[in-house]
Protein chains: 2
Amino acid sequence: MSCESEIAQAVRDRGRRLTMQRVRILSALRHASEHQSAEQILDRVRGGDPLADISLSTVYRTLETATALGLASELRGATGTAVYEWSEPGTTHHHVECLACGRTESVALASLALAEAEIRERSGFEADIRHLAIPGLCADCRARGGR
Amino acid sequence: MSCESEIAQAVRDRGRRLTMQRVRILSALRHASEHQSAEQILDRVRGGDPLADISLSTVYRTLETATALGLASELRGATGTAVYEWSEPGTTHHHVECLACGRTESVALASLALAEAEIRERSGFEADIRHLAIPGLCADCRARGGR
DNA sequence: GTCGCACCTGCGAAGATTCGCAACAGCACT
DNA sequence: AGTGCTGTTGCGAATCTTCGCAGGTGCGAC
C-alpha cells in the first residue's frame, strides 16, 4: 500500500533513518481511527505480525521523533496517559478537553495564528501552535454541573 | 504572615477544607521564585519544619486541586517532569518553551482571549486559557541552530 | 463543646514515561 | 558488494505520577 511508502518518504525526507519499527508504528498510528496511547499502538503493531517484536521504549521514542517532525501530535490530557494521533503534515487543528467529563473534541482555530505572530513580536520565539490541548468545560457539563 | 491567611481564605472560599498540608504546600509554592517540581516543593516544606512530614502523594494532589481552583498552574514541558507555579487568582500569562534548549519564558498574550471566544462559538466549550505551555524555538536557538 | 459525615492524608503498589548502555543496522561512500 | 560512522533499538532500571484503601480530621449542625 502506498501509505507506507509515503511514511518512508516523509521519514527520510526529514533526514531520519528508515527502520522497520518506524514504518510499523507510524503506519499503525495513521490507520487508527482515534487517538492512541503508546500501549495501544504496541498492541496494533504486535497484532499485525507477532513475530518481530517492538519494544515499548521504541514506540515512545518513535512517537516523540514523529511529533518533532510534525508527523504526529501528542496530547497529554488530565487522564495521566498521553495519546497520539497521526497528523497530516502542514495541517492544523486543536483539541479542547472537558475537565469535568474528559471528553475531547477537535476544533479549527484561526485566532491562534494571531497568537503566533504576537509571540514572535514579544519574545522572539517562533511558536509552533499546530496541535494544542486546551482545557475547558463542554456545553453538556456546563449545563448540567452548574458553574 | 498574611499570605498564609490569604491562602487559607482562598482555599475555604472555594469550598475545600483547610488543612495544614495545603497551607504549607501552597505557601511554599507561593514564595518560590521560580517554577517548582513536586519534589522541590516537598523539600521546601520539609525544610521549614522537618517534624511533620508530608507525603509526596499529598503534594501532587494538592497541586492538582490548586490548579483546578486556579491558585496554581501546571506546566508539563518536554523535560518529563511537571513544574508548578503560584498563580495569582484572575491573572493570565502563558509560557513558551524552546524545543531545542528547553528554556521557558513568560508572555502575556491578548490574542488568546479571541481564541476563547472562537472556541465557544464553534464547539460550545467554555475554554480556560490562562496558563498555556506553547512549544517553539527561541530566538537564540533559531539563529544558532539554523531553521 | 461534641458529633458525624465527607473530604483528606499516608502509604504502598501500580502505571506511565524516560534513561543509560551495549549491540544492531541504515545509508553514504568506495 | 564491502565498510564505517552514527542514528536506532531492546532491555532493564530509574523516575515520575497516579491509584486504592484504611484511618484521620476539618467544619457545619446540634
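Heavy atoms only: backbone and side chains are in, while hydrogens, waters and symmetry mates are out. Computed from a prediction, not measured in an experiment: that's the story for all the values here.
The side chain of B:Arg61 contributes no N or O atom lying less than 4.0 Å from OP1 or OP2 of C:dC8. Residue B:Ser55 places at least one side-chain N or O under 4.0 Å from the OP1 or OP2 atom of C:dG10. Considering only side-chain N and O atoms, A:Gln21 lies nowhere under 4.0 angstrom from the phosphate OP1 or OP2 of C:dA25. The side chain of B:Tyr60 places no N or O atom within less than 4.0 Å of a non-bridging phosphate oxygen (OP1 or OP2) of D:dT18. Residue B:Arg16 has no polar side-chain atom (N or O) positioned under 4.0 Å from OP1 or OP2 of C:dC7.
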- Report the C-alpha distance between B:Arg17 and B:Val11 in whole Å, list the side-chain angles of each, state the deciding distance to 0.1 Å, and finish with yes or no for side-chain contact (heavy atoms from CB on, under 4.5 Å). CA-CA 7 Å; B:Arg17 289 190 182 161; B:Val11 170; over 6 Å; no
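Put simply, CD on B:Glu74 is 12 Å from C1' on D:dC16, counting in whole angstrom units. Here D:dC27 presents its P atom at 12 Å from CG of B:Asp13, a figure rounded to the nearest Å. Whole-Å rounding puts the B:Asp53 CG to C:dT9 P distance at 14 Å. B:Leu18 places its CG atom 14 Å from the C1' atom of C:dT9, with the value rounded to the nearest Å. A:Leu42 has its CG atom 13 Å from the P atom of D:dT9, to the nearest Å. As rounded to whole Å, 12 Å separates atom P of C:dA16 from atom CZ of A:Arg76. In this structure, B:Arg24 atom CZ and C:dG10 atom C1' are separated by 14 Å, rounded to whole Å. Residue A:Leu75 contributes atom CG, which lies 17 Å from atom P of C:dA16 at whole-angstrom precision.
Across all strands shown, B:Ala82 has heavy atoms under 4.0 Å from sugar-phosphate atoms exclusively, and none from any base.
Distance from the side chain of A:Thr58 is smallest for D:dG10 among the nucleotides C:dT17, D:dG10, C:dG10. Proximity note for A:Ile54 (side chain, C-beta onward) versus C:dC27, D:dG10, D:dT17: the nearest is D:dG10.
B:Tyr84 contributes atom OH, which lies 12.5 Å from atom CG of B:Leu26 (distance to the nearest 0.5 angstrom). Here the straight-line distance linking atom NE2 of B:His131 with atom OG of B:Ser87 works out to 3.0 Å at 0.5 Å rounding. B:Glu64 contributes atom CD, which lies 8.0 Å from atom CD of B:Glu74 (distance to the nearest 0.5 angstrom).
With respect to A:Glu105 and A:Arg103, a salt bridge is recorded, a charged nitrogen being found less than 4.0 Å from a carboxylate O. Using a 4.0 Å cut-off between charged nitrogen and carboxylate oxygen, B:Glu4 and B:Arg24 do not count as a salt-bridge pair. Salt bridge present: B:Glu118 and B:Arg122 bring a charged side-chain N and a carboxylate O closer than 4.0 Å.
Side-chain contact between B:Glu85 and B:His95 is present, with heavy atoms from C-beta onward closer than 4.5 Å.
The nearest heavy atom of DNA chain D to A:Thr62 and to B:Ala38 marks one nucleotide each, and the one closer to the 5' end goes with A:Thr62. Judged by closest nucleotide on DNA chain C, B:Val59 is the one of B:Val59 and B:Thr79 placed further toward the 5' end.
Taking the C1' atoms of five terminal pairs at each end of the helix from C:dG1-D:dC30 to C:dT30-D:dA1, the two resulting helix axes are inclined by 40°, rounded to 10°.
Interface remark: the A:Thr19 side chain does not form any donor-acceptor pair with the D:dG7 base, using a distance-only criterion of under 3.5 Å. A:Ser57 contributes a side-chain N or O that forms a donor-acceptor pair with the base of D:dG12 under 3.5 Å. With hydrogens and angles ignored, a donor-acceptor pair under 3.5 angstrom links the side chain of B:Arg17 to the base of C:dC7.
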